[in-house]
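This report refers to the structure that appears directly beneath it.
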Amino acid sequence: MCDDCGCVSPGHHHVVDVNQSLLAANDALARKNREHIEELGAVAINLISSPGSGKTTLLEKTIERLAKEFRIGVIEGDIETERDADRIRAKGVPVVQLTTGGACHLDAALTHKGIHALEDQLGEKKLDLLFIENVGNLVCPATFYLGEHQRVVMISVPEGPDKPAKYPKAFISSQVFIISKTDLLPYFDFSPEAAIKDARQLNPRLMVMSLSATTGDGFDSWLAYLRSLCQ
Amino acid sequence: MHEISLVQGLLKQLALLAAEHGSKSVSKVRLEVGPHSGIVIDSFKFGFEVLAAEIDLTRHARLEIVIPPLRYKCCYCGHVRQTERLPETCSQCAKTLLVPDGGDGLILLQVEME
Ligand SMILES: Nc1nc2c(ncn2[C@@H]2O[C@H](COP(=O)(O)OP(=O)(O)O)[C@@H](O)[C@H]2O)c(=O)[nH]1
Ligand SMILES: [Mg+2]
Ligand SMILES: [Zn+2]
């Protein structure tokens, strides 16, 4: 019955050393996603921030600036509604809305569905950049690898500079840290230096950018970063 | 919040293990939760208590959580040090660039079943 101890008697006490990550199934599926994404020709970016930090707005402005240069696709993650996908669709790029129905993060399985739905829209067409807007949440999405090439964590000026210290996982696991809504700096007691210092302490390799989607300030380094990914 | 989905994944894995070993009841689950795993241990325990009680297999299961020590590695000399919190400087070369060394795992170590 049992290969380990060869016992057949019910009620036998088994001690099984498993030593397997609880995320093993997710991570295996994420690696498949990565293969899919690469077959599409794309570099994928997993965008993580609290609700309202400006993820969808950043994507809208990025599409406006880069749509002529690159083929862009978007996967939107939310707990409910198609609203963010509608905003992206209005910019004329292929987009899939994933709704988690309550879950506070995207996982590799749901993202897998999203990639297939996107492939259905694309037909034979390829992509250069695939943005995955995660569910608005600075905590939970950080645990789930989706198959992305790059992870971008964002906090907006009104949220306050203590977020890297309070939510370390997202900063430890990301390659890029964006401070958004810098047009609001005059109205908030937000020290970018303090936020950057805490973030770098957690992850010295983190690339840091500050920008405003409203004024376009700081967008050049963001766009340069995206261009470098597509080379 | 994501602790709940992780508990659900754990319960699925326990069901597979029990089937494999012909067991009807899980008595103990030992789990390693890294200090950088992003898991709130109380939420995980609470999720386990609630969800495990709904299933015959895990109704009497005890969850034991092992927390490995925090370790930081110096980016310059590679020295790894075990500490309570992020040190200001490397104890070997005094430089300040230190990164977490592992500690982000969420690992099912051992299961006891009858
Ligand atoms: N002042 C200012 N507001 C912004 C900026 N970017 C986004 N917003 C506003 O922030 C709110 C939330 O933006 P949204 O993109 O929906 O955030 P998401 O929930 O992270 O996708 C909206 O009212 C945006 O107009 C910015 O750079 N500056
Ligand atoms: Mg949004
Ligand atoms: Zn050192």
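Here is the naming used below: chain letters follow the sequence lines, and residue numbers restart at 1 for every chain. The structure displayed is predicted, hence computed values, not measured ones. Atoms considered below: every heavy atom in the structure, side chains included; atoms not considered: hydrogens, waters and symmetry mates.
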Under 4.5 Å from any heavy atom of chain B - which part of [X]:
{"X": "A:Ser21", "value": "both"}
{"X": "A:Ile172", "value": "side chain"}
{"X": "A:Phe144", "value": "side chain"}
{"X": "A:Arg205", "value": "side chain"}

Open item on the list: Whether A:Arg34 and A:Glu38 form a salt bridge (side-chain N of Lys/Arg under 4.0 Å from carboxylate O of Asp/Glu) is what I want to check.
Closed with: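 Counted as a salt bridge, because a side-chain N and a carboxylate O are separated by less than 4.0 Å.
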Open item on the list: For B:Arg59 and B:Ser25, which I'm curious about, is there any donor-acceptor pair between the side chains at under 3.5 Å?
Closed with: no
Open item on the list: Counting only heavy atoms from other residues, nucleotides and ligands, does the tally under 6.0 Å from CZ of B:Arg62 exceed 12?
Closed with: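 Check fails, neighbour count at 12 or below.
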TODO: Would you confirm whether A:Gln121, through its side chain, and A:Val95, through its main-chain N or O, come within 3.5 Å as a donor-acceptor pair?
DONE: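 At least one qualifying donor-acceptor pair exists.
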